[in-house]
Amino acid sequence: MSVRVRIAPSPTGDPHVGTAYMALFNLAFARQQGGSFVLRVEDTDRARFQADSEQQLYDTLAWLGLDWDEGPDKGGPFSPYRQSERLDTYRPYVDQLLAAGHAYHCWCTSERLKEMREDQQARKVPTGYDRMCHGKSYDERAGLGGAQEQPVVRMLVPEDPPLSFVDVVRGEVHAPHPDDQVILKGDGFPTYHLAVVVDDHLMGITHVVRGEEWISSTPKHLLLFDWLGWERPQFAHMPLLRNTDKSKISKRKNPAARLTWFVEQGYLPEALLNFLGLLGYSQPDGTEIFTLADMARDFDWARVNTVGPVFDLDKLGWLNGHYVRELAPSDLADRLEPYLRDAGLYTGTADQRALLDSAVPLVQTRMAVLSECVELLRCLFVSDDDFAIDPVAREKALGADAAPVLAACADALEPLAEWTTETVQAAMDSALIDGLGLKRGKAYGPVRVAVSGASVSPPLPESMALLGKDKVLRRLRAAL
RNA sequence: GUCCCCAUCGUCUAGCGGCCUAGGACUCCACCCUUUCAAGGUGGCUACGCGGGUUCGAAUCCCGUUGGGGGCACCA
């Protein structure tokens, strides 16, 4: 029997980085085993459902190259892959559990349940449903207060449920004793616990790879598998990604929890994927630069750590810079275009593209993320009207003693017939270094600020060559 | 409060009883290169939480403790 794994995200907002993390490990394992990777959408929570979330999920996973074999958008032998479309599938199993006495109706209102829990916590006893409804009909229960007409269905958890199991990454795990979990909600939708078990079984899932936060509810799932007479899948509970303060990574505390953030910032998908593969995992030979294919080749659950790794943006930035430097210049230019466009510096004319192609080599080693190209390239693409000199840079480099330098530079460049990096640099050097007796660093400073508008810029003679004689002369004289 | 999971440099990690006076990477610092900033090169700082065992020998095994994290929903 071939391996089948799945991710089961909920469309409740921006796709979460944890989803990509799980997807990566699922996929690495599936690819290595020659198995299938299934994408199933767990949209059983109508209150939190967001319509555009599912498409964003497809987009970001595809962007990362985490390709699924079956899913709502692709179909597959076990369609549908959206739980909201499988409501009829779950009902018979609920009825079966009810008939077997493994489940019962509960009419308690959420207010009563809340009070019950608060009371339990105040008395310092473990929280859990007190079975007030168990064994009663609605009429019997209604007279006792705190009841509503529409019932839910709860599991009748026995005294001795299965509490331990062998986890693929952790070995033997002991999980807490569950309470009488709701499996069918008042609105007729199943809860995660029922849906996940039914779907995983029906879809032939062999390995359930999910976050550590699910360990404590695994006994409920084991019970359901057993009651329904189904073989249990293997479980792999991955460590949780953390914020800097070690708490579970969250959109509130960490922008990087949103997958779309990486696209906005200009991280390369190959870098993010590589980085995710470095969290809680390592290559046998210690290699740190690797692809999904590399990871799948010798994937081993035993190499997965049980400690939750902090999501460290510094290292991702370094990795991203590494991948940026590896890109073919024309490829990098393609990827830079959208950021320049958004900044209003670029419309995509042939001239602009030619300028971009020439400028890419100047900035390729200078950015960690793609969005940084805007500031790096601004001085080359900005119109004369919008060109401005940074006030701080002006203060530092364009004082009174700068005027002679700029003037000498402009005068030396003026007569140049041929305008290239070499001729520009030669003219500057002879006028400023030989002529004024300045060191190169001292001489280029004011020129850099006058021409680029900032004290940090791409290499100066190269930039001036790309800018053209007219613009350079105009900027030099304007700064006088 | 209660139950469960976890514990090596600031961060990601290697290590699965002797090869460890603990290795690599990121960050940081210094130097080199250098027209700014990067990139690149060289070097450096920094860790086995604590206490007991087991053993000839423990980062590695056991117990306790402390610390961190997660669950305890008609959310997943």
Enquirer: What heavy-atom pair brings His237(A) and Glu212(A) nearest, and what distance separates the two atoms?
Expert: CB-CA, 4.2 Å
Enquirer: Just checking, is any N or O donor in the side chain of Tyr81(A) or Asp199(A) under 3.5 Å from an acceptor N or O on the other one?
Expert: no
Enquirer: Taking rU2(B) as the reference, what is the distance to rG52(B) when you measure between their P atoms (whole Å, please)?
Expert: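 It works out to 29 Å between them.
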Enquirer: Taking only side-chain nitrogens and oxygens of Arg366(A), does any of them come within less than 4.0 Å of OP1 or OP2 of rA38(B)?
Expert: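 Checking Arg366(A) against rA38(B): no side-chain N or O falls below 4.0 Å of OP1 or OP2.
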Enquirer: For rA58(B) versus rC62(B), give the span between their P atoms, rounded off to a whole number of Å.
Expert: 15 Å
Enquirer: Is any NZ, NE, NH1 or NH2 atom of the basic residue among Asp200(A) and Arg40(A) found under 4.0 Å from an Asp or Glu carboxylate oxygen of the other?
Expert: yes
Enquirer: Check every strand shown and say whether Gly186(A) touches a base, only sugar-phosphate, or nothing at a heavy-atom separation below 4.0 Å.
Expert: base
Enquirer: Using a strict cut-off of less than 4.0 Å between a Lys/Arg side-chain nitrogen and an Asp/Glu carboxylate oxygen, indicate whether Asp312(A) and Lys315(A) qualify as a salt bridge.
Expert: no
Enquirer: Which nucleotide in the list rC37(B), rU35(B), rC12(B) gets nearest to the side chain of Leu279(A)?
Expert: rC12(B)
Enquirer: Tell me if the side-chain of Thr365(A) makes a donor-acceptor pair with the base of rA38(B), cut-off 3.5 Å, by modelled atom types.
Expert: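 Between rA38(B) and Thr365(A), which were checked side chain against base, a qualifying N/O pair under 3.5 Å is present.
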Enquirer: Got a sec, which residues hit side chain to side chain contact (heavy atoms under 4.5 Å, CB included) with Val310(A), two or more places apart in sequence or on another chain?
Expert: Arg242(A), Lys246(A)
Enquirer: Return the value, rounded to whole Å, for the distance between atom CG of Leu273(A) and atom P of rC12(B).
Expert: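 The answer, rounded to whole Å, is 20 Å.
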Enquirer: Could you check whether Arg112(A) pairs with Asp130(A) (Lys NZ or Arg NE/NH1/NH2 to Asp/Glu carboxylate O, under 4.0 Å)?
Expert: yes
Enquirer: Using a strict heavy-atom distance below 4.0 Å, which residues from residues 457-466 of chain A are in contact with RNA chain B?
Expert: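 Close to the strand are Ser457(A), Pro458(A), Pro459(A), Leu460(A), Pro461(A), Glu462(A).
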Enquirer: Taking only residues two or more places apart in sequence or in another chain, which ones pass side chain to side chain contact (heavy atoms under 4.5 Å, CB included) with Glu159(A)?
Expert: none
Enquirer: Taking Pro15(A)'s backbone N and O only, do any of them form a donor-acceptor pair with Thr19(A)'s side chain (distance below 3.5 Å, no angle check)?
Expert: no
Enquirer: Can you find an N or O donor on one side and an acceptor on the other, under 3.5 Å apart, linking the side chain of Glu288(A) with the base of rG24(B)?
Expert: yes
Enquirer: With a cut-off of less than 4.0 Å, is there a side-chain N or O of Ser282(A) near OP1 or OP2 of rA14(B)?
Expert: yes
Enquirer: What is the pairing partner of rC72(B), taking Watson-Crick or G-U wobble pairs with both distances under 3.5 Å in any strand?
Expert: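 Paired with rG1(B).
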Enquirer: In whole angstroms, how far is the C1' atom of rA76(B) from the CE atom of Met22(A)?
Expert: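 Computing the Met22(A):CE to rA76(B):C1' distance gives 13 Å.
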Enquirer: Assign each of Ile249(A) and Arg48(A) to its nearest nucleotide of RNA chain B by heavy atoms, then name whichever residue's nucleotide is nearer the 5' end.
Expert: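 Upstream on the strand: Ile249(A).
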Enquirer: Any side-chain N or O of Arg303(A) less than 4.0 Å from the OP1 or OP2 oxygen of rG15(B)?
Expert: yes
Enquirer: When the P atoms of rC31(B) and rC20(B) are compared, how many Å lie between them, rounded to an integer?
Expert: 33 Å
Enquirer: Is it true that a side-chain atom of Lys220(A) and a backbone atom of Gln181(A) form a donor plus acceptor pair closer than 3.5 Å?
Expert: no
Enquirer: Would you please confirm or rule out a distance under 4.0 Å between OP1 or OP2 of rA73(B) and any side-chain N or O of Arg117(A)?
Expert: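 Result: yes.
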Enquirer: Given the P atoms of rU60(B) and rG15(B), what is the spacing between them in whole Å?
Expert: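 Roughly 15 Å separates the two P atoms.
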Enquirer: Taking any heavy-atom pair under 4.0 Å as a contact, classify Thr12(A): base, sugar-phosphate, or nothing.
Expert: nothing
Enquirer: Considering just the side-chain nitrogens and oxygens of Ser110(A), establish if one lies under 4.0 Å of OP1 or OP2 belonging to rA73(B).
Expert: no
Enquirer: CG of Leu194(A) versus P of rA76(B): gap in Å, rounded?
Expert: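 Going from Leu194(A) (CG) to rA76(B) (P), I get 11 Å.
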Enquirer: With the sugar-phosphate defined as primed atoms, P, OP1 and OP2, and the base as all remaining atoms, what B/S/- string results for nucleotides 1-11 of chain B, 5' to 3', for protein heavy atoms under 4.0 Å?
Expert: BSSSSSS---S
Enquirer: Only pairs at least two apart or in different chains count here, so list each salt bridge (charged side-chain N to carboxylate O under 4.0 Å, His left out) that has a residue in residues 269-280 of chain A.
Expert: Glu270(A)-Arg335(A)
Enquirer: Provide the distance between the two C1' atoms, one in rU27(B) and one in rG51(B), to the nearest whole Å.
Expert: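 The same atom, C1', in both gives a distance of 33 Å.
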Enquirer: Between atom CD1 in Ile289(A) and atom C1' in rA25(B), what is the gap in whole Å?
Expert: 9 Å
Enquirer: Within 45 degrees of the ring normal and closer than 6.0 Å to the centroid, is that where the cationic atom of Arg154(A) sits relative to Tyr129(A)?
Expert: yes
Enquirer: May I ask which nucleotide in the shown strands pairs with rA7(B), Watson-Crick or G-U wobble, both distances under 3.5 Å?
Expert: rU66(B)
Enquirer: Would you kindly give the NZ-to-P distance between Lys114(A) and rC75(B), to the nearest whole Å?
Expert: 16 Å
Enquirer: If we ignore hydrogens and angles and just use 3.5 Å, is the side chain of Lys471(A) paired with the main-chain N or O of Met464(A) as donor and acceptor?
Expert: no
Enquirer: When the P atoms of rA39(B) and rA30(B) are considered, how many whole Å apart are they?
Expert: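 Each nucleotide's P atom is 15 Å from the other's.
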Enquirer: Determine which nucleotide pairs with rU21(B), using a 3.5 Å limit on both distances of a Watson-Crick or G-U wobble pair.
Expert: none
Enquirer: Check this for me, if you would: do Arg82(A) and Glu54(A) make a salt bridge, where the nitrogen-to-carboxylate-oxygen distance has to be below 4.0 angstrom?
Expert: yes
Enquirer: Below 3.5 Å between N/O atoms, which protein atoms pair up with nucleotides 40-45 of chain B? Just atom names and distances, please.
Expert:
{"residue": "rG40(B)", "atom": "OP1", "partner": "Arg325(A)", "partner atom": "NH1", "Å": "3.4"}

Enquirer: Which part of the nucleic acid, if any, lies within reach of Cys106(A) when heavy atoms closer than 4.0 Å are counted: base, sugar-phosphate only, or nothing?
Expert: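 Here Cys106(A) touches no strand at all.
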Enquirer: When you look at Lys185(A) and Thr191(A), which way does the side chain to side chain donor-acceptor pair (under 3.5 Å) test go after all the steps?
Expert: CA-CA 7 Å; Lys185(A) 303 190 247 187; Thr191(A) 58; over 6 Å; no
Enquirer: How far does the C1' atom of rC26(B) sit from the matching atom of rU21(B), given to the nearest Å?
Expert: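 Comparing C1' positions in rC26(B) and rU21(B) gives a spacing of 25 Å.
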Enquirer: Rounded to whole Å, please give me the gap between CG in Asp179(A) and P in rC72(B).
Expert: 10 Å
Enquirer: Using the P atom in both, what is the distance from rC50(B) to rG10(B), to the nearest Å?
Expert: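 Approximately 13 Å lies between the P atom of rC50(B) and that of rG10(B).
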Enquirer: Is Ser217(A) touching bases, backbone alone, or none of the nucleic acid, heavy atoms closer than 4.0 Å?
Expert: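 Answer is nothing: Ser217(A) stays at 4.0 Å or more from every strand.
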Enquirer: Please state how far atom CG in Leu362(A) lies from atom C1' in rU36(B), giving the value in whole angstrom units.
Expert: 13 Å
Enquirer: Between the side chains of Tyr444(A) and Asp429(A), is a donor N or O closer than 3.5 angstrom to an acceptor N or O?
Expert: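 Per modelled atom types, Tyr444(A) and Asp429(A) side chains form a pair under 3.5 Å.
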Enquirer: Check the distance between rA39(B)'s P and Glu372(A)'s CD and give it to me in whole angstrom.
Expert: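 About 11 Å, once rounded to whole Å.
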